[in-house]
Amino acid sequence: MQTTTCPSDLNTFYSVCVVRMGRLKKKHNWKAREQDSSQSGAATSDVVVEIQDAGTLKGVDESNALVLPASKAKKEKVVKKHVPKKQPLTKKQKKQLQKVLEVKQKKAQRADILSKLANVQLPESEMKLLYTTSKLGVGDKLYQSKQRSDAAEEVTSAEEKISSLTGAKRKRKNEEEEEEENEANRDNMTDSSSEDDDDDDEDGGAPEVCIAKEEKAGSSPQKQVEVAQEKAAEKEATCLKEVPKKEDHQPAVFVPVDRLPDIQAARLKLPVLGEEQVIMEAVRENMCVVLCGETGSGKTTQVPQFLYEAGYASGDGIIGITEPRRVAAVSMSQRVAKEMNLSTRVVSYQIRYEGNVTSDTKIKFMTDGVLLKEIQKDFLLEHYKVIIIDEAHERSVYTDILIGLLSRIVPLRNKKGRPMKLLVMSATLRVEDFTENKKLFACPPPVIKVDARQFPVTVHFNKRTPLEDYVGEAFRKTCKIHRMLPPGGILVFLTGQAEVHSMCRRLRKAFPYRKTCLESGTEQKDTEEEMKRFKKVKQKKMVSLPRINLDNYSALPVDEGDEDRQAGIDDEEDGSDLDLELGDDPVDAEEKCDPSLPLYVLPLYSLLAPEQQAKVVFRPPPAGSRLCVVATNVAETSLTIPGIKYVVDCGRVKKRFYDRVTGVSSFKVTWTSQASANQRAGRAGRTEPGHCYRLYSSAVFSDFDEFSEAEITRRPVDDLVLQMKDLNIEKVVNFPFPTPPSLDALVAAEHLLVSLGALEAPPHVGRAKQMERARLSCPITPLGRAMAAFPVAPRYAKMLALGKQQGCLPYIITVVAAMTVREIFEEMDRPAASEEENAKLAQRRARLAQMRRLWAGQGAALLLGDLMIMLGAVGACEYAGCTPKFCEENGLRYKAMLEIRRLRGQLTTAVNAVDPGARLYLDAKMAPPTESQVVCLRQIVLAGLGDHLARRVQAEELLDPKWRNGYKTPLLDSPVFIHPNSALFKTLPEYVVYQEVLETSKMYMRGVSAVQEEWIPQILPQYCHFGPPLENPAPRFCPDSGRVKCHCKSTFFRVGWQLPAVERDYPEGLDRYKLFARFFLEGQVCPKLQSYTSCLLSSPSIMLKTWAKLQPRTEALLGVLVSGKADCQEALLSAWEKNNKYLLSAYCQWLPEALHEKVAENWPPI
DNA sequence: AGGGTTTTTT
């Protein structure tokens, strides 16, 4: 590998900025070499000197890689590369080579000087100040000077530029390996893309197929062009790097920001600030950049500001940043606005229900789902010049899909001459899914790493790993920490609400706290003031709590509790006997109540009421006590608790599992991932050095998965598939997912969407392989488009699309909103903290049960089941003004009710948009549905939940007593049950539909609603196999539809449940023509012919006789109908439109000649 | 006949 320093650059560079930069040049140089050394394995001898230099310089200053010329390496590389290849060197080349050699010599000398200079270098902190003071008020940036040098250089060299970023190097390495390959590839791609026009990618991986080539009618012509260009764009931009263009030579824009001094000072402490130059260069030179930095690096708040200052929000484009959570989008926008001293009109946010975006907005924070919706409206995101995907390591489904989409959009935009940048920001180093995924980025984007400003956290592993009672272990460890270690909050990670509460109870019992002063201050305080107070409190605590200094650990992680032993809180070995005894006798341990050491214990989980959560996040613990938060995963990512010094990690998580085949979900506790455990540990080092106690051994830890799986691989994807189809991505299998969902999941999704009518059913013809492929590329239907407009799960979207009948829409919207929002009822089965609380809980439980019965209604309403409870609950809550008080009193989660209210608003708007005739409005005083409305609602619900139909186990199937009161479903072998909390628990209807099956102690259906048997073949024909038309009742002509109808028995798919005969369209075929002919002759199809029925030469009924063929007139009539494809009124009318004499002569054969003329005069008889 | 949910997002 070649050196990355290029002397000519340096010369240019120095001439431009040495004057102002002073010592910075050293750093610059150093950094270049330092990065070289990272690849030392491949280093050639001519850089050895520099590597050594780097070695000696390393650690002198880590802070500044700012001054890197970006284009240096390439030139050299070119020389080196081409010299051995092209054998006779041209004079020019020789000259160049000579120059390079000279330059190297100079460089070596310079390196020497620099290493000497390094000895007198300023410490990092001062360095940073120097850098910034040099910058202050100058209105100029380092990378601008650098850019000028680039520009100058590009005059002589048309080579593409390479920065000295770690990732850029990887990229370069890659290029070298693939350079020849690339040339070949270019041809290959051209070839394959021409094949592509008719063939559907055998390789399955061709990225260019992922977005449908043609647009459906009705989309903008502009978009069509762009999509058509896509392939070309990709070809040119397989490497997401920008070929230098004229524009690049223009001086960069610098947008001044007027920050307040204290903010400016605070910024300087953030590690990202030192990387501004590197980041901005990378962004300038690459379409896509990955930025890696743990929490605390400041990337979320600073990078948008860098981009702003560099002019990425000047003119007509803005900067967009996505966050996986709403709170983050809102708070980050506010913080950045404050830091930049700009109004929220300029730095704004947009989340699902609200936003403060204006026409002045330059920086827009939003949730990832919001951006995905925007892509639906404007595929190329013309509004944005940069998109930043934050927290990409969390791998939320929308983040993943956005990255996939943007990997195509960015080159397209570039091709169009309106370039856009993509910045993927990730905390962990797990970026291979992005960088090594050839389908996503043919050429890996550069990765920039940023240090985090975190205090060291010492990790202590247990020697042994309790497999059963990890809660008990957590309890004992927490007690020990509290008893023996210096002040500092404790954060305990457990897996669920129940565990959290029981732990809280045990801890409170062990270290009782008198809550006199606890609940006094309820008023909201300014956070900063709180923090100040908090610090004072901490100082006070120092006096009252025991003190052992554990902070001077040398290395981390500490293994196997060695340090624990020193500290005297080791679990194992000698001291462990006592602990184990305690462990074996929990009563004893817990009775050892110690009121002299008050512990302020608080629970924390997502579903906890926000004001309870606020206690943890905003309010400091009372004076003289230690804070102990017992939390679930919320504390890992969503909430940050101040003042935590100790983390106790049980090493487990509760996760939802979906069975891909049956759709059954369950919750299971499993080991976490290493990344997740490290994230938990990191929570101890936010405010000072901390300690993390892992209740498992390092061996167990090393067996953890390195990372948690991407969400998209763990859940059904029907909603995502519908969204993507709506974006005209027909072959979702070929979409460049960072991690693709399983094929099973995709097949299941398409299947469901076909059943719902959102996608066209795949053809049943062709070879198995073709059919298989067709099943994964069903085109979207108009219904599907309408459904995609509703921001809810496809099953529910179907209900909304259908809900127009009988004024049901407001109810359907409400039911859908309630089904979409999770946990609308408060959980009251948790272990109570005290007898008093226990009694209170029991009372509230009883009250909720009573209300549920009330809301479920009686008679007809009751049959809507659990959905009626939801409807009633929401209706009652809204009627009462949706107050916290009403919710509290009636066991409703206030937050859930607010969400439902907002979702109803959004859905109402969406329905009105799809069908302006609907003219819906949100009615707070919605009257209960009438009986007939309830029936209508049940049918609409059935239409959406058709694949979730269950039938009571029949007497003859009742072989096993376990099946009593059970229900059978098409996909499950074992029975499912109605949950005792369900409105229909006692009703046990023959047929029900359910929202989902959740496996706990049994398979329980949730969200159950009763179904009338005869509705099933009518509303769910797609799930039924119909028998032959019945003789009795006989087929008839239906004047309303103009079609031939008949009764058929049917069975439900897979399970073969016999369903009652219902009337439906007569099946297609000759018999339908015969019947139609008969009804035609009888004058039913055209009433004007009724007067001739008595004159017919044969009875119309002979149309159906088996010997019908013997009669020429039957055959004639039938033949004409068949040839005109006229087997219903509508088809007949259109046949007459084409030919107004159609059927005349065949009909006349049935009439005496005397009438022919008269008939002909009045033909067609309409 | 009888009860156990983590966490986000459009």
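Each chain gets a letter, A, B and so on, in the order the sequences are listed, and its residues count up from 1.
- Comparing A/Thr820 and A/Lys654, the nucleotide of DNA chain B nearest to each residue sits closer to the 5' end for A/Lys654.
- Side-chain N/O atoms of A/Ser1001 include one lying less than 4.0 angstrom from OP1 or OP2 on B/dG4.
- Rounded to a whole Å, the OH atom of A/Tyr967 is 14 Å from the P atom of B/dA1.
- Residue A/Arg822 places its side chain closer to B/dT7 than to any other of B/dT9, B/dT7, B/dT10.
- Considering only side-chain N and O atoms, A/Tyr398 lies nowhere under 4.0 angstrom from the phosphate OP1 or OP2 of B/dT8.
- Within 4.0 Å of A/Glu711, counting heavy atoms only, lies at least one base atom of the nucleic acid.
- In summary, of the residues considered (A/Glu499, A/Arg652, A/Lys654), a side-chain contact (heavy atoms from CB on, under 4.5 Å) with A/Leu494 occurs for A/Glu499 alone.
- In the displayed structure, A/Arg715 atom CZ is contacted under 6.0 Å by more than 12 heavy atoms of other residues, nucleotides or ligands.
- Side-chain proximity of A/Arg325 to the nucleotides B/dG4, B/dT10, B/dT8 is greatest for B/dT8.
- Taking every side-chain heavy atom of A/Pro980 into account, B/dG3 is the closest of B/dG3, B/dA1, B/dT7.
- Remark: A/Arg326 is in phosphate contact with B/dT10, judged by side-chain N or O atoms under 4.0 Å from OP1 or OP2.
- Within a 6.0 Å radius of CD in A/Gln954, more than 12 heavy atoms belonging to other residues, nucleotides or ligands are found.
- Salt bridge present: A/Glu636 and A/Arg680 bring a charged side-chain N and a carboxylate O closer than 4.0 Å.
- No contact: A/Thr637 has no heavy atom under 4.0 Å from any strand.
- Here the side chain of A/Lys986 is nearest to one of B/dG2, B/dT10, B/dA1, namely B/dA1.
- Remark: A/His979 is not in phosphate contact with B/dA1, judged by side-chain N or O atoms under 4.0 Å from OP1 or OP2.
- Within 4.0 Å (heavy atoms only), A/Lys1002 reaches sugar-phosphate atoms of the nucleic acid but no base atom.
- Atom CZ in A/Arg715 sits roughly 13 Å away from atom P in B/dT10 (whole-Å rounding).
- Closest to the side chain of A/Ile351, out of B/dT10, B/dA1, B/dT7, is B/dT10.
- Taking the 5.5 Å centre cut-off and the 30° plane limit, the aromatic side chain of A/Phe985 is classed as stacked on B/dA1.
- Applying the salt bridge (Lys or Arg N to Asp or Glu O under 4.0 Å) rule to pairs touching residues 786-801 of chain A yields A/Arg795-A/Asp947, sequence neighbours excluded.
- Partners of A/Arg325 according to the salt bridge (Lys or Arg N to Asp or Glu O under 4.0 Å) rule, which considers only residues two or more places apart in sequence or in another chain, are A/Glu394.
- Note on A/Arg964: only backbone sugar-phosphate atoms sit closer than 4.0 angstrom, heavy atoms only; bases stay farther off.
- Among the nucleotides B/dG2, B/dT7, B/dT10, the one closest to the side chain of A/Ser606 is B/dT7.
- Contacts between residues 629-636 of chain A and DNA chain B, defined by a heavy-atom separation below 4.0 Å, involve A/Thr632, A/Val634, listed by number.
- Proximity of a side-chain donor or acceptor of A/Asp866 to a complementary backbone N or O of A/Val1008 within less than 3.5 Å is detected.
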